[in-house]
Amino acid sequence: MPESKLTPPDSLVTERLLLRKPRPDDAPLIFAAYAQDPEVTRYLTFRPHRELRDSNEAVARFLENWCSGKSYCWLIFRRENEQLVGAISAREDQGINLGYLVARPYWRRGFMSEAVSAVAEWAFAQPGVFRVWAVCDLENEASARLLEKNGFHQEGILRKWSLHPNISDIPRDCYCYAKTRSKRLPIFSRTSKN
């Protein structure tokens with residue numbers, strides 16, 4: 001994979017949320033908040049974590065991927081009480097591909113909508129990014145609604161696209177949703193003052 005040209009911020013702030021790059025000491029929070037919950041991981045590509053070591057390994061992967069430019073994961077915290085709400089990641093792949101999850105106590109409260117909006121806004125501020133997209137299992141109605149609410153348009157169904165081991169040993173059909181921008185960003189020139 002070519003070296004990433006993106007320089008993502010370590011954190012993004014919204015009205016209610018702080019999205020920030022993971023830290024090694026976040027593993028216990030991740031484990032407790034969502035990683036061991038089979039309902040949260042149902043439509044994801046990993047099985048629920050059985051022990052804290054699984055979450056430690058996940059955080060190490062997040063940080064390694066961040067350094068290599070493979071993908072960028074932000075943990076999502078409520079600003080008012082610093083509770084871990086979920087996570088969202090972005091990776092360069094024909095634009096920016098998003099993946100996300102929300103801890104069960106925070107379902108249907110608009111937090112992920114706010115996070116998706118913030119990451120899409122950041123992505124579209126990058127000069128070479130014209131497309132932000134995500135896939136979701138055909139049965140994951142909540143994820144489809146979230147994307148539609150955020151202005152993503154369903155482009156079709158990707159057959160046998162993603163393995164969701166918590167549901168099936170066979171790759172699952174997924175909806176593909178995308179949001180695009182049609183205009184180039186203005187190029188600003190700096191003039192030096194003598």
Side-chain angles (χ1 to χ4, degrees), residues 1-14 17-38 40-79 82-103 106 111-112 114-129 131-137 140 143 158 161-167 169 171-172 174 176 178:
M1 180 170 145
E3 186 177 320
S4 174
K5 296 178 186 104
L6 296 176
T7 39
D10 284 357
S11 64
L12 295 165
V13 178
T14 70
L17 303 173
L18 167 66
L19 286 66
R20 72 158 169 78
K21 182 178 176 180
R23 301 174 188 147
D25 61 347
D26 288 327
L29 292 173
I30 292 169
F31 185 71
Y34 60 75
Q36 60 183 324
D37 187 334
V40 171
T41 60
R42 178 175 176 78
Y43 296 111
L44 300 180
T45 58
F46 65 90
R47 294 194 186 278
H49 294 181
R50 291 189 210 177
E51 51 192 55
L52 181 57
R53 182 181 57 159
D54 298 331
S55 296
N56 281 314
E57 290 169 359
V59 170
R61 250 188 336 275
F62 298 154
L63 295 173
E64 182 181 315
N65 289 342
W66 190 290
C67 289
S68 71
K70 183 176 179 181
S71 66
Y72 307 100
C73 176
W74 292 273
L75 297 181
I76 303 167
F77 294 88
R78 291 182 68 185
R79 288 176 58 193
E82 300 180 6
Q83 291 293 306
L84 180 60
V85 170
I88 187 167
S89 67
R91 68 182 173 96
E92 287 183 273
D93 181 8
Q94 303 297 311
I96 299 293
N97 173 234
L98 301 180
Y100 46 84
L101 61 81
V102 181
Y106 302 106
F111 292 122
M112 189 51 68
E114 206 170 306
V116 165
S117 179
V119 174
E121 184 178 318
W122 162 76
F124 284 134
Q126 310 310 303
V129 177
R131 173 183 172 81
V132 177
W133 63 284
V135 298
C136 65
D137 192 280
N140 192 345
S143 188
L158 302 171
W161 180 259
S162 185
L163 183 62
H164 301 150
N166 302 304
I167 301 172
D169 294 335
R172 306 268 297 173
C174 293
C176 181

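Treat the numbers as computed from the prediction; the structure is a model and nothing was measured.
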Practice task
Let me see the working for Leu12 and Trp122 under side-chain contact (heavy atoms from CB on, under 4.5 Å), right down to the final yes or no.
Solution key: CA-CA 9 Å; Leu12 295 165; Trp122 162 76; 4.3 Å; yes
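- Atom CD1 of Ile88 sits about 11.5 Å away from atom CD of Glu114, to the nearest 0.5 Å.
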Exercise for the section: Please assess Tyr34 against Leu84 for the test side-chain contact (heavy atoms from CB on, under 4.5 Å), listing each intermediate value before the final yes or no. Expected result: CA-CA 9 Å; Tyr34 60 75; Leu84 180 60; 3.8 Å; yes
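- Note: Leu19 CG to Arg79 CZ = 11.0 Å, rounded to the nearest 0.5 Å.
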Exercise for the section: Any chance you could lay out the side-chain hydrogen bond (donor to acceptor under 3.5 Å, both in side chains) test for Tyr100 and Ser143, step after step, and finish with the verdict? Expected result: CA-CA 9 Å; Tyr100 46 84; Ser143 188; 2.5 Å; yes
Exercise for the section: May I have the step-by-step check of side-chain contact (heavy atoms from CB on, under 4.5 Å) for Trp66 and Asp10, ending in yes or no? Expected result: CA-CA 10 Å; Trp66 190 290; Asp10 284 357; 3.8 Å; yes
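- For Glu121, the CD atom counts as loosely surrounded, since its 6.0 Å shell holds 12 or fewer non-hydrogen atoms of other residues, nucleotides or ligands.
- Using a distance-only test at 3.5 Å, with no hydrogens or angles considered, a donor-acceptor pair links the side chain of Trp133 to the main chain of Asp93.
- More than 12 heavy atoms of other residues, nucleotides or ligands lie within 6.0 Å of CD in Glu51, so this atom counts as buried by the packing criterion.
- The local environment of CG in Asp25 is crowded, with over 12 non-hydrogen atoms from other residues, nucleotides or ligands closer than 6.0 Å.
- Within the 3.5 Å criterion, the main-chain N or O of Leu44 finds no donor-acceptor partner in the side chain of Thr41.
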Problem - Evaluation steps, side-chain contact (heavy atoms from CB on, under 4.5 Å), between Val102 and Val85 - result: CA-CA 6 Å; Val102 181; Val85 170; 4.2 Å; yes
